[in-house]
Amino acid sequence: MSGKARKSIGDQELALLQHLSEHGEASVGEVAAVFGETRGLARSTVLTMMERLRAKAYLRRRQVDGVYRYAPVAQSDDVMRSAVGSFVEKTLQGSLSPFVAWMSQRTEVSDDELAELEALVANLQSKRKEG
């Protein structure tokens with residue numbers, strides 16, 4: 001991601017970006033056939049979303065044999081991190097407490113997810129000790 005702040009994206013746009021990250025470069029028709037169809041979105045809606053994401057600098061496009069092919073600019077992890085950061089800042093006014101409270105009430109947390117959370121907390125604690 002560039003140093004310039006990007007405009008935030010919605011849930012549907014985030015899902016589209018994740019789809020492209022998983023499936024690679026694709027045309028509007030390909031995305032509409034797989035991503036759009038499963039969500040009841042018309043091809044024109046998918047095109048609008050993809051062009052909006054391109055305008056926000058989340059997607060790039062290139063012409064191949066007369067057809068535009070779209071691909072994410074950043075890695076899926078970077079996009080997700082940015083979306084979560086935006087949610088925390090805008091919706092939770094920068095406080096992680098409501099998110100942590102929600103996490104603590106989840107009943108289905110896999111061993112892998114729990115280990116990942118513990119590693120993140122350990123990392124945060126070590127950074128605090130350094131600072």
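These numbers were taken from a predicted model, which means no experiment stands behind them.
Listed for the T45 side chain is no donor-acceptor partner under 3.5 Å among the backbone atoms of L41. In this structure, the side chain of S95 does not engage the main chain of L92 through any donor-acceptor pair within 3.5 Å.
At least one side-chain heavy atom of L16 sits under 4.5 Å from a side-chain heavy atom of F35. Contact of the D112 side chain with the E116 side chain is not registered, since no non-hydrogen atoms from C-beta on lie closer than 4.5 Å. Side-chain contact between V64 and R62: present, with at least one pair of heavy atoms (C-beta onward) separated by less than 4.5 Å. Under the 4.5 Å side-chain criterion, counting only non-hydrogen atoms from C-beta, L47 is in contact with Y70.
Side-chain heavy atoms closer than 4.5 Å link hydrophobic residues (I, L, V, M, F, W, Y) into clusters, and following such links, possibly through other members, connects V88 to F99. In this structure, V121 is not a member of the same hydrophobic cluster as V100, with clusters built from ILVMFWY side-chain heavy atoms closer than 4.5 Å. The hydrophobic clustering, which links ILVMFWY residues whose side-chain heavy atoms are closer than 4.5 Å, places V31 and V34 apart.
Residues V73 and R60 approach most closely at CG2-N, 3.8 Å, considering heavy atoms. Closest approach of R69 and S27 over heavy atoms only: NH1-N, 3.5 Å. Of all non-hydrogen atoms in V46 and G36, the two that sit nearest each other are CG2-CA, 3.9 Å.
Taking CE of M103 as the start and CG of L114 as the end, the distance is 8.5 Å to the nearest 0.5 Å. With rounding to the nearest 0.5 Å, the separation of CG in L17 from CE in M49 is 8.5 Å. Between the CD atom of Q12 and the CG atom of L53 there is a distance of 10.5 Å, given to the nearest 0.5 Å. How far NE2 of H23 is from CD of E30: 11.0 Å, rounded to the nearest 0.5 Å. Summarising the geometry, atom OG belonging to S104 is positioned 11.0 Å from atom CG belonging to L117; distances are rounded to the nearest 0.5 Å. A distance of 9.0 Å separates CG in L14 from OH in Y58, rounded to the nearest 0.5 Å.
The existence of a salt bridge linking E25 and R61 is excluded, since no basic side-chain nitrogen approaches an acidic carboxylate oxygen closer than 4.0 Å. For the pair E51 and R54, the salt-bridge criterion is met [side-chain N within less than 4.0 Å of a carboxylate O].
More than 12 heavy atoms of other residues, nucleotides or ligands shown are found within 6.0 angstrom of CD on E113. Atom CG of D11 is surrounded by 12 or fewer heavy atoms from other residues, nucleotides or ligands within 6.0 Å.
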I would like to know whether K56 and E13 meet side chain to side chain contact (heavy atoms under 4.5 Å, CB included); could you show each step before the answer? CA-CA 11 Å; K56 293 178 183 180; E13 290 173 327; 3.2 Å; yes
